[in-house]
**Q** 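Please find one structure pasted underneath; my questions will follow.
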Amino acid sequence: MNSRLYCVIGYPVKHSLSPKLHNGRFKKLKIKARYFQEEVKPEKLGEFMRGFKEKYSGANVTIPHKEKVMKFLDEVAPEAKKIGAVNVIVNRDGKLVGHNTDVVGAIAALKSDVKIIKGQYAVILGAGGAARAVIYGLKNAGSHVLILNRTVENAEKLAAEFDCKFGALEDFDATNCDILINTTSVGMWPKIEETPLPNLKENLRAANKKPVVMDVIYRPKMTRMLKDAKACGCKVVIGEKMFLAQAAESFKLWVGKTPTSSGTPRR
Ligand code: ATR
């Protein structure tokens, strides 16, 4: 039997740890499969997806394709549909099915460090595909969510969909903030000195607040935003936790078993 092929589709995608992680797991579990990275420019996504079925058994989808990819799939799982974003594709006998494992990943990462209780105030930076999963998870947990984004119209649209408040990044105020999560790409390698909130330290000190601060960026592990938060005494949750949790769920969807199980795969 030929190897099954998987990939991560994104732009940029060179920073992705997914190929190394999944190839290592396939090898460990003696599964005949290989995982590649596919750098696909936004305007080329349709063309790429037309040839996908014939070549790939599944994929991860990352920045900036999580929402746009849905129109090229045969089916979208109910939760991913509600979230409005897909980060995993499964080729089920020629039928492409989209799933969202970011939501499980984000909530698992947060819960490992924080008690998420009803009525907490969460501020989400960004209004893209990753933001959708995080907001969906937090709303389900009973949090009040404020979405701040560079393009305020995008935040406004998302806020209407998920019943949240919205504003610009410059509106950030730590006074009403128990959880702060960055879902934008600002601060991602190689531009590691950037941060979506240049005045975070001053803001936290002025408000005398220490929210839990999480970044979905996992390269670098400690982003500038997380460093600033830590310097002010905040508990920080690194993006790697969410990355690993969503990757484990992706793996389960593709091969029908958890990455830590051993023995022969079911299919
Ligand atoms: P993903 O699917 O990974 O969430 P995305 O849908 O492309 O990726 O969303 C990227 C997010 O990062 C958006 O909220 C984007 O803001 P805009 O809506 O204004 O485009 C945000 N973002 C990207 N680059 C940014 C930058 N340089 N400064 C501020 N926000 C940025």
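Everything numeric in this text was worked out from a predicted model, so none of it was measured. This chain uses plain numbering: 1 for the first residue, then up along the sequence.
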**Q** Do Y35 and V8 come within less than 4.5 Å of each other through their side chains, counting heavy atoms only?
**A**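 The answer is yes, as the side chains (C-beta and beyond) meet within the 4.5 Å cut-off.
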**Q** Does some side-chain heavy atom of I181 sit less than 4.5 Å from a side-chain heavy atom of T183?
**A**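 A side-chain contact exists here, since the closest heavy-atom pair is under 4.5 Å.
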**Q** Would you say the ring centers of F72 and F48 fall short of 6.0 Å from each other?
**A**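 Judged by ring-centre distance (under 6.0 Å), F72 and F48 do not meet the cut-off.
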**Q** Do E47 and R50 meet the salt-bridge criterion of a basic N to acidic O distance under 4.0 Å?
**A**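 Looking at E47 together with R50, the answer is no, because their closest N to O distance does not fall below 4.0 Å.
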**Q** Ignoring hydrogens and angles, write down the donor-acceptor pairs under 3.5 Å from the side chains of residues 187-205, residues two or more places apart or on other chains.
**A**
residue: T195; atom: OG1; partner: L197; partner atom: N; Å: 3.1
residue: N203; atom: OD1; partner: A174; partner atom: N; Å: 3.1
residue: N203; atom: ND2; partner: F172; partner atom: O; Å: 2.9

**Q** Kindly indicate whether the side chain of K53, heavy atoms from C-beta on, has any atom under 4.5 Å from the side chain of N91.
**A**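 With C-beta onward as the side chain, the pair touches.
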**Q** Is the closest side-chain heavy-atom distance between V213 and L226 below 4.5 Å?
**A**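 V213 vs L226: side chains touch.
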**Q** Pick out which of T62, V216, I217, I63 makes a side-chain contact (heavy atoms from CB on, under 4.5 Å) with S185.
**A**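 The passing option is I63.
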**Q** Quick check: do I9 and N60 have side-chain heavy atoms less than 4.5 Å from each other?
**A**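 Not in contact.
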**Q** Please state whether the rings of F251 and H22 are parallel, tilted or perpendicular, taking 30° and 60° as the class boundaries.
**A**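 F251 and H22: parallel rings.
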**Q** Can you run down the side-chain hydrogen bond (donor to acceptor under 3.5 Å, both in side chains) pairs that involve residues 147-156, sequence neighbours left out, and say none if there aren't any?
**A**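 For residues 147-156, and leaving out neighbouring residues, there are no side-chain hydrogen bond (donor to acceptor under 3.5 Å, both in side chains) pairs at all.
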**Q** Should D74 and R92 count as an ion pair when the cut-off is N to O under 4.0 Å?
**A**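 No, this pair does not count.
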**Q** Within the structure provided, determine whether I135 and I147 are in side-chain contact (heavy-atom separation under 4.5 Å).
**A**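 SC-SC contact between I135 and I147 confirmed.
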**Q** Would you mind writing out the side-chain donor-acceptor pairs for residues 117-133 within the sub-3.5 Å range, not counting sequence neighbours?
**A**
residue: Q120; atom: OE1; partner: I117; partner atom: N; Å: 3.0
residue: R132; atom: NE; partner: E67; partner atom: OE1; Å: 3.4
residue: R132; atom: NH1; partner: I83; partner atom: O; Å: 2.9
residue: R132; atom: NH1; partner: E161; partner atom: OE2; Å: 2.8
residue: R132; atom: NH2; partner: E161; partner atom: OE1; Å: 2.9

**Q** Check whether any side-chain heavy atom of V212 lies under 4.5 Å from a side-chain heavy atom of L180, and answer yes or no.
**A**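 Side-chain contact under 4.5 Å: no.
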